[in-house]
Amino acid sequence: MKLFSDTTPRKIRYYRWLPVVLIALLTLAVLLIIRRYPGEKRFSVVHMYGKGGAINFSKSYQLGFFHAGIKHKGALLAEKGDILGFNNSFYHFTDFLTDTLQMDDSGDSMVYVNGKLHSLVINKDEDLLPWFRQMKTTDLDKLSAIYFAAPVPDSYINFLKEIARTRPNLSLVFEENDSYSLVTDYFKKADFFKPRFVSLPVTNASLPELARWKNAECLYINLADSIISSPLPAIPSMKQCILYSDYVVSVSPDFFNNNPQLEKLNLLLDRPFYSLLSPLDKLDELILNNGDNTADLKELGNKTEALSVLIISGKCTGIDQLLKAKKVKWLGLPENTSQAEFDQLTASSRKLQVVELNGNSGISSYASLQDLPDLSALVITDTVTDKTSLASMKQLRYLSLPMENKADSAFLQDMEKALPGCIIVANSGACLGSGWLLLLLPLVIAFSLLIRKKIKSPGHART
Amino acid sequence: MPEPDPFIAALNKTAVRDALLCSTGLVLFGYFIGYPVPVKLAAFIPLALAGYIISRQPGLLIRAAGDLTKESSTVQLLLYVLAGFLMGLAAAFYYRGSYSMPLLPGFFRGFVLIAVCIGILEELVFRGFIQGILQGRHAGLAIGIAALAHACYKAALFLSPAAEGSHPLYLFFTWSLGAFILLGLLRYYSRSLLPPVIVHAVFDLLVYAENAEAPWWVW
């Protein structure tokens, strides 16, 4: 074989066709790989510092706030476009690079994120006029939201107009007010913005007004009536909707008929209202919070087959229906999931990257999670029932455990030692060598200089 | 029969010894660097040994670096560079896809520069120095020993107690060895270190783009 002899120009000439063939084969390989892995999702760990609790409303599991990640306080998992909450503040997560958020909501009228003004709060007790009067454009660089807790004072209107010129797509958040509609007040006085995210209370009568939010990509709707008989108006830009209510008992089955484009839906309701899902053929993420009721998952039908995120809180029957969710990557399990159902689900959903469990469920062994090749994040609420398996899950990059008492705290520390690879980053991988190897270059240079000096010095003959 | 490179022929007597000593030093370094201090400090002794061996023949490393641009046919080199780029791209896409990550990173963080530097230095040492020093004796053996040394060094990083069980070593070693043989072949046929450097740099650039911090074994 020619390869096993000295390098010769002649042989290289013989293989002149080789790079061309290589390029052709590798191009084909790249195309095949692109075809094999289309549209993977990107989940990030977001660190939120500050006094309080953090929540990802877009992917909430049991409406739990994250006070304790294993490494960082208030670390949670999120995807681009998710709506994060910190105490009463919202944060529209749109920039992967800004994944460490130092929250400061200690003031009554302003919320700061990473030292920059993030939200203005309009309320009765605080006068924003002095700040408005000395406001500079640079102050608005990171302004992302306005929170309406009271009607807009007339003296603010010109300043709000000025802010809208600089930051037209600010998120708008309207507090629920029993005696006065803050949304109506906004439309009358300060309808200057084109928000991408709006959080607002909505009555059955005020539903048609939502059509005015033409640019909204996400709506967080607080249903203020117990019976909702009207459908949502068409909002073509809306991809995500979070429905919240403590007491709604009836929602019209055609609620989403005008918005079949919806991709992410979170129903933070006491019951599932499966009929709402019928027109949503493009649904990719579904979060169901069943409250204290027991939901029958059989009514989901085939809706789970195409989902990449499926999070179900509360108690359910027909949990085996989740076996249809073959493409799911983020799965939150009902709290009454049995060991047999858990093992079946982990065996059938091989693409799982994130699993959320209620520790009080009938799951006593997490061993089957070790067979999931892509699993990188695990969230356990309530009680950890299988500490042994957990300690051997070296593939984890994010782990959130309950911390109620000193024993939990000690266990967290044990886990930190047991899972040294559980660093909270987007990914790690095993292909990179040690960084200390970079020392080799200065070592080589230093030794070369020393040897040269030694050779040149008197008394040393050249060899 | 063309004459062998006189520079390389002159190195033949000590080449095998130096290549083996340098490889052993790097493997020992890889094994001990994962331990906590003070054992970690001991890892720098074999690293220094490897550095000393390389420094005794600095010409070869300079030659290897010189290879980055030296090629009789610029068109041939450009074709191999393109092949290297595609190889790095394919490997990184496959890696990211198999870990359920989007094929292209959404952003690049500062750490990626260190990752790329580590990759380039590995190529200079294993494909440049070790393969280069042995190539004059036996081209196939040179590719094999350089790849084996590189794979052993990588595996040694994950043999330390801190890394116990974090990666299935057998598979990792096998895949690494296969990949490094391909890089060796690329260096041999292209007669340049540039294509394997490009492969490694592109791979590290795409795989580590989003890392906020170094994986635990890097420092």
For B:Tyr153 and A:Leu437, what are the C-alpha separation, side-chain angles and deciding distance, and is it a side chain to side chain contact (heavy atoms under 4.5 Å, CB included)?
CA-CA 11 Å; B:Tyr153 156 70; A:Leu437 188 71; 3.9 Å; yes
Among B:Leu82, B:Leu186, B:Leu86, exactly one meets side chain to side chain contact (heavy atoms under 4.5 Å, CB included) together with A:Leu22. Which residue is that?
B:Leu186
Which bit of B:Leu78 comes within less than 4.5 Å of chain A, counting heavy atoms only: side chain, backbone, both or neither?
neither
Rounded to the nearest 0.5 angstrom, the CD1-CH2 distance for B:Ile118 and A:Trp436 is 11.0 Å
Check B:Ser55 against A:Phe447 and note the closest heavy-atom contact, atom names and distance.
OG-CB, 2.9 Å
Taken to the nearest 0.5 Å, the spacing of B:Ile120 CD1 from A:Leu441 CG works out to 11.0 Å
Give the member of B:Ala50, B:Ala83, B:Pro195 that has the highest number of heavy-atom pairs under 4.5 Å with chain A.
B:Ala83
Looking only at non-hydrogen atoms, find the nearest pair between B:Leu47 and A:Leu440 and report the distance.
O-CD1, 3.6 Å
How close do A:Ile33 and B:Tyr94 get, counting heavy atoms only, and between which atoms?
CG2-N, 3.7 Å
Would B:Tyr80 and A:Leu18 count as a side chain to side chain contact (heavy atoms under 4.5 Å, CB included) here? Give the steps.
CA-CA 9 Å; B:Tyr80 274 112; A:Leu18 187 60; 3.5 Å; yes
Given that the side chain runs from C-beta out, which part of B:Ile53 has a heavy atom under 4.5 Å from chain A: side chain, backbone, both or neither?
neither
Taking all non-hydrogen atoms of both residues, which atom of B:Leu79 and which atom of A:Pro19 are closest, and how far apart?
CB-CB, 3.7 Å
Once rounded to the nearest 0.5 Å, what's the spacing between atom CG of A:Leu439 and atom CZ of B:Phe44?
6.0 Å
With B:Pro46, which residues qualify under side chain to side chain contact (heavy atoms under 4.5 Å, CB included), at least two apart?
B:Leu28, B:Phe29
Counting heavy atoms not belonging to B:Phe85, are there more than 12 under 6.0 Å from its CZ?
no
Please tell me if the side chains of A:Leu438 and B:Ile114 come closer than 4.5 Å, counting only heavy atoms from C-beta onward.
yes
